[in-house]
Number of protein chains: 2
Amino acid sequence: MLDEHDIFKDYLKQYNLRYTPQRKLILDVFLQQSGHVHIDDIHIRVRDQDPTIGIATLYRTMKLLVESGLAEMHTFNEKTTYERLFQVRHHDHLICIVCDKTVEFEHPLIEKYQLEACERYDFTLKSHRMTLFGICKECQK
Amino acid sequence: MLDEHDIFKDYLKQYNLRYTPQRKLILDVFLQQSGHVHIDDIHIRVRDQDPTIGIATLYRTMKLLVESGLAEMHTFNEKTTYERLFQVRHHDHLICIVCDKTVEFEHPLIEKYQLEACERYDFTLKSHRMTLFGICKECQK
DNA sequence: CTCCTTTTTGATAACGAATATCAATATAGT
DNA sequence: ACTATATTGATATTCGTTATCAAAAAGGAG
Ligand SMILES: [Mn+2]
Ligand SMILES: [Mn+2]
Ligand SMILES: [Zn+2]
Ligand SMILES: [Zn+2]
């Protein structure tokens, strides 16, 4: 079974790009994280293992991870976050507008009707972004 | 029946803010637009009628329009756009990732299941953002 | 109207995330 | 070893948006 490093290598090879130590390290660090990770968090942990890595390389590599399907980029608030995508079940997000708490959920029927809506307008659905904003139980008190 | 200017005046009064000529003009211009309008477009048309209005005032006023429920802010791509909200039926968006064409749609069942998902996690739904990305018929050829 | 307080304005500086630039370095293949 | 190409890190730059601040405007009270 292919793991994330194989996927990444394949993607890089496909575009004549190289599997460098920096890219490997960034992927390693990213895979150790869970949930929605900010680029600064990744930066700190990467520099922990190799202080010479520049921020530009980090941005460039995160972009490659997204393009290769290993990461998903979120822009819920101002700061973008990254989330593991490969072998992680698709889900949408429910965010508390008071405390920023996030709940991950998936509704099969919503996914189904999204496809339906697309077909009605002769679109081929490629991806979607659905985020619900509300107030969690604790913040309602 | 209240129109947008009344709504705006009420909102301003509520927070001890003033209904100034600049704010009136910006609202006037905004209401003449339709669809998803970029701030530069509004700026051009505003300066056309009053060249002394500064960009800061425009940003500040657009924020007030959003807060008063008259406008909705979208961040589909890099540039944020504004769309009339009052007396305009709620809808979600379907965007072609090739040509940026936008289709507006609404699916009652999706809205229903969004509420359902919220209730399951004890959230009070306040708003949602759903955008489908696909390839339109023309761009598939 | 005059005086006083608060709000608003416009010019411009500042911000910050992300990208572009570019010379030095690393890599892969011959 | 040699060559061509890709990559890197430091840094400058971009660009939408926000903060700053002195001057102007607005709203009341008398
Ligand atoms: Mn998630
Ligand atoms: Mn719309
Ligand atoms: Zn909360
Ligand atoms: Zn298209």
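Just so it is clear: chains get the letters A, B, ... in the order the sequence lines come, proteins before strands, and each one is counted from 1. Worth saying up front: this structure is predicted, and the values here are computed from it rather than measured.
- Listed for the A/Asn77 side chain is no donor-acceptor partner under 3.5 Å among the backbone atoms of A/Lys79.
- Contact check on B/Glu72 versus B/Arg84 returns no salt bridge, with no Lys/Arg side-chain nitrogen under 4.0 Å from an Asp/Glu carboxylate oxygen.
- Look at CE on B/Met73: it is 10 Å from C1' on D/dT17, rounded to the nearest Å.
- DNA chain D is contacted by both A/Thr61 and A/Ile55; A/Thr61 maps to the nucleotide lying nearer its 5′ end (nearest heavy atom per residue).
- At a threshold of 4.0 angstrom between heavy atoms, the contacts of A/Lys13 with the nucleic acid are absent.
- Taking atom CG on B/Asn16 and atom C1' on C/dT5, their separation rounds to 13 Å, with Å as the unit.
- To the nearest angstrom, C1' of C/dT27 lies 13 Å from CG of A/Leu12.
- Counting any heavy atom pair closer than 4.0 Å across all strands shown, A/Arg60 reaches a base atom.
- Between B/Glu138 and B/Lys101 there is a salt bridge, since at least one side-chain N of the basic residue sits less than 4.0 Å from a carboxylate O of the acidic one.
- Taking only side-chain atoms of A/Lys79, from C-beta outward, the nucleotide of C/dT8, C/dA17, D/dT8 with the closest atom is C/dA17.
- Here A/Asp41 does not pair with A/Arg45 in a salt bridge; the nearest charged N to carboxylate O distance is not below 4.0 Å.
- Residue B/Thr20 has a polar side-chain atom (N or O) positioned under 4.0 Å from OP1 or OP2 of C/dT9.
- Atom-to-atom, CZ of B/Phe8 to P of C/dT8 comes out at 10 Å; the value is rounded to the nearest Å.
- As rounded to whole Å, 15 Å separates atom P of C/dA26 from atom CZ of A/Arg23.
- Atom C1' of nucleotide C/dT9 and atom OH of B/Tyr19 are separated by 17 Å, given to the nearest angstrom.
- Looking at A/His107 and A/Asp92, their side chains never bring a donor and an acceptor atom within 3.5 Å of each other.
- The listed nucleotides are D/dT8, C/dT7, C/dT19; the one nearest the side chain of A/Tyr59 is C/dT19.
- The separation between B/Tyr15 atom OH and D/dA26 atom C1' is 21 Å, rounded to whole Å.
- In this entry the distance linking CG of A/Leu58 with P of D/dA10 reads 13 Å, nearest Å.
- Closest to the side chain of A/Thr80, out of C/dG10, D/dG16, C/dA18, is C/dA18.
- Considering SG of B/Cys118 and OH of B/Tyr113, their distance stands at 15.5 Å, rounded to 0.5 Å.
- Here A/Arg89 does not pair with A/Glu104 in a salt bridge; the nearest charged N to carboxylate O distance is not below 4.0 Å.
- No more than 12 heavy atoms of other residues, nucleotides or ligands shown are found within 6.0 angstrom of CD on B/Glu78.
- Scanning atom types as modelled, one donor and one acceptor separated by under 3.5 angstrom connect the side chain of A/Arg18 and the base of C/dT27.
- Among the heavy atoms of the strands, none lies under 4.0 Å from B/Glu78.
- Across residues 28-54 of chain B, B/Thr52, B/Ile53, B/Gly54 each have a non-hydrogen atom less than 4.0 Å from an atom of DNA chain C (numbered order).
- The shortest distance between the side-chain N/O atoms of B/Gln22 and the OP1/OP2 oxygens of C/dG10 is below 4.0 Å.
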